[in-house]
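Everything below concerns the one structure shown next.
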Protein chains: 2
Amino acid sequence: MPNPKQPTPAVRAAGGLDRLWRTSVGEDAAFLLARANALSLAAASEVLSPLGLKVRSYSVLALAVSAERPNQRELSEFLRLDPSQLVALIDELEGRGLVRREPDAADRRVNVVVATDAGRALCADARVATERAEAAAFAVLGDDDIARLKEHLRALAGAPEAD
Amino acid sequence: MPNPKQPTPAVRAAGGLDRLWRTSVGEDAAFLLARANALSLAAASEVLSPLGLKVRSYSVLALAVSAERPNQRELSEFLRLDPSQLVALIDELEGRGLVRREPDAADRRVNVVVATDAGRALCADARVATERAEAAAFAVLGDDDIARLKEHLRALAGAPEAD
DNA sequence: TATTGTTATACTCTATAACTATA
DNA sequence: TATAGTTATAGAGTATAACAATA
């Protein structure tokens with residue numbers, strides 16, 4: 001139901017939601033962050049769904065496509081998901097032929113997760129779709145503001161400083 | 001497990017997570033937003049837990065404390081929660097004597113949710129705690145940056161323009 | 001007939017612990 | 001003995017539909 005419609009009668013009768021935006025909650029950075037995230041997540045989910053991907057599986061796929069050859073433990077820490085959750089995500093992607101587990105030669109316990117050609121193709125499509133959705137979701141801000149916002153979020157998210 | 005520790009051996013052997021930050025995922029605004037939100041959420045949850053509150057119940061309580069006298073439908077739309085979820089949240093707060101349902105005189109179907117004295121007191125404590133936690137979580141940014149970030153997030157979150 | 005709040009239910013995430021195979 | 005990946009399971013969170021009271 002978290003899908004927005006027009007306000008219901010009981011809300012309009014009370015004067016609309018703007019009233020509530022003026023409370024302390026509407027000033028709370030954590031609340032704003034949560035809301036912005038929910039909207040961005042919903043936008044991404046919507047365009048990924050026709051491709052058979054969720055935000056989670058897309059982020060795994062995108063990392064598997066990269067040249068960095070991440071192993072499961074790295075994906076787990078980077079995405080802040082439990083290793084057991086990654087198993088399920090990778091199982092599904094592997095079952096669809098989008099991704100492959102390659103045992104590391106140096107340490108045969110670790111699996112490197114790499115994308116197949118099909119995975120690369122799908123990921124490219126998904127990337128176009130999400131970038132378009134993201135642009136729409138962030139359209140209320142100007143380009144400079146978006147750039148600054150991303151810098152700030154990178155800092156909050158704990159990204160390494162350098163460049 | 002989403003609780004951070006020091007990197008595991010398999011991660012350090014691969015060169016640390018900074019590699020993965022340099023992929024396209026590390027540039028994705030939606031990913032950054034999700035990560036920043038997860039960290040802020042975890043920080044808030046941690047300080048609210050000793051007060052017997054979760055982020056959800058705290059936001060309901062904070063709105064009930066406000067002078068705006070929100071009804072359940074307004075809370076539902078503002079917090080983007082299904083009405084049925086609010087029932088459970090309010091049931092719990094009411095059971096603890098923090099909140100009261102007051103039937104609206106004009107339309108007896110609607111319940112206005114108002115905080116009790118105990119609810120106000122607890123909310124005040126919770127607000128101090130979360131503000132402190134928030135300050136710590138955002139400490140990597142300067143005051144000006146935080147102010148600008150909040151403006152941007154307000155815009156993304158769909159807050160009304162005026163002031 | 002429509003709407004508010006409620007109940008019931010199924011489904012998806014998330015968290016936890018125990019297991020295996022390698023080291 | 002410790003770690004990577006796996007399995008199994010229980011809990012929290014989420015979405016959906018149907019219901020009673022009121023409009």
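Throughout, a chain's letter reflects where its sequence line sits, starting with A, and its residues are numbered from 1. Because only heavy atoms are used, hydrogens play no part in the values below, and waters and symmetry mates are left out as well, while side chains stay in.
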**Request:** Measure the distance from CD1 on A/I90 to P on D/dG5 and round it to the nearest whole Å.
**Result:** 8 Å
**Complete:** With sequence neighbours left out, the residues meeting salt bridge (charged side-chain N to carboxylate O under 4.0 Å, His left out) with A/R108 are none
**Message:** Checking contacts here: which listed nucleotide (D/dT16, D/dT7, D/dT14) is nearest the side-chain heavy atoms of B/Q85?
**Reply:** D/dT14
**Asked** Once the angle between the rings of B/W21 and A/F78 is folded into 0 to 90°, is it parallel (under 30°), tilted (30 to 60°) or perpendicular (over 60°)?
**Response** perpendicular
**Item:** Between A/Y58 and B/F31, ring centroids under 6.0 Å
**Value:** no
**Message:** Using whole Å, what does the distance between atom P of nucleotide D/dT6 and atom CG of A/L75 come to?
**Reply:** 12 Å
**Asked** For D/dT14, does OP1 or OP2 lie under 4.0 Å from any side-chain N or O of B/S84?
**Response** no
**Message:** Using whole Å, what does the distance between atom P of nucleotide C/dA15 and atom CD of B/E46 come to?
**Reply:** 14 Å
**Interatomic distance, A/L86 CG vs C/dA15 C1' [rounded to whole Å]** = 14 Å
**Message:** Assess, by modelled atom type and distance only, whether the side chains of B/R12 and B/Q6 contain a donor and an acceptor separated by less than 3.5 Å.
**Reply:** no
**Item:** Exercise: do B/E68 and A/T23 side chains pair donor with acceptor under 3.5 Å
**Value:** no
**Message:** Test of understanding: with salt bridge (charged side-chain N to carboxylate O under 4.0 Å, His left out), list the residues that count as partners of A/R56, not counting sequence neighbours.
**Reply:** none
**Prompt:** With respect to the phosphate group of C/dT12, does any side-chain polar atom (N or O) of A/K54 fall under 4.0 Å of OP1 or OP2?
**Reply:** no
**Request:** When you get a sec, tell me which of C/dT4, C/dT14, D/dT14 is the closest nucleotide to the side chain of B/R56?
**Result:** D/dT14
**Side chain of A/R73 - closest among D/dA4, C/dT7, C/dT14** = D/dA4
**Fill in**
Here the distance between atom C1' of C/dT3 and atom CD of B/E74, to the nearest Å, is 15 Å
**Prompt:** When you measure from the side chain of B/Q72, which nucleotide among D/dG5, D/dA17, C/dG5 comes out closest?
**Reply:** C/dG5
**Request:** Nearest whole angstrom, please: distance from the P of D/dT22 to the CG of B/N71.
**Result:** 17 Å
**Prompt:** What's the spacing between B/N111 CG and B/Q72 CD if we round to 0.5 Å?
**Reply:** 5.0 Å
**Request:** May I have the distance from B/L81 (atom CG) to D/dA12 (atom P), rounded to whole angstrom?
**Result:** 17 Å
**Protein-nucleotide distance (A/D82, atom CG; D/dG11, atom C1'), rounded to Å** = 14 Å
**Message:** Let's see if you get this right: which residues in residues 97-112 of chain B place a heavy atom under 4.0 Å from DNA chain C?
**Reply:** B/R101, B/R109, B/V110, B/N111
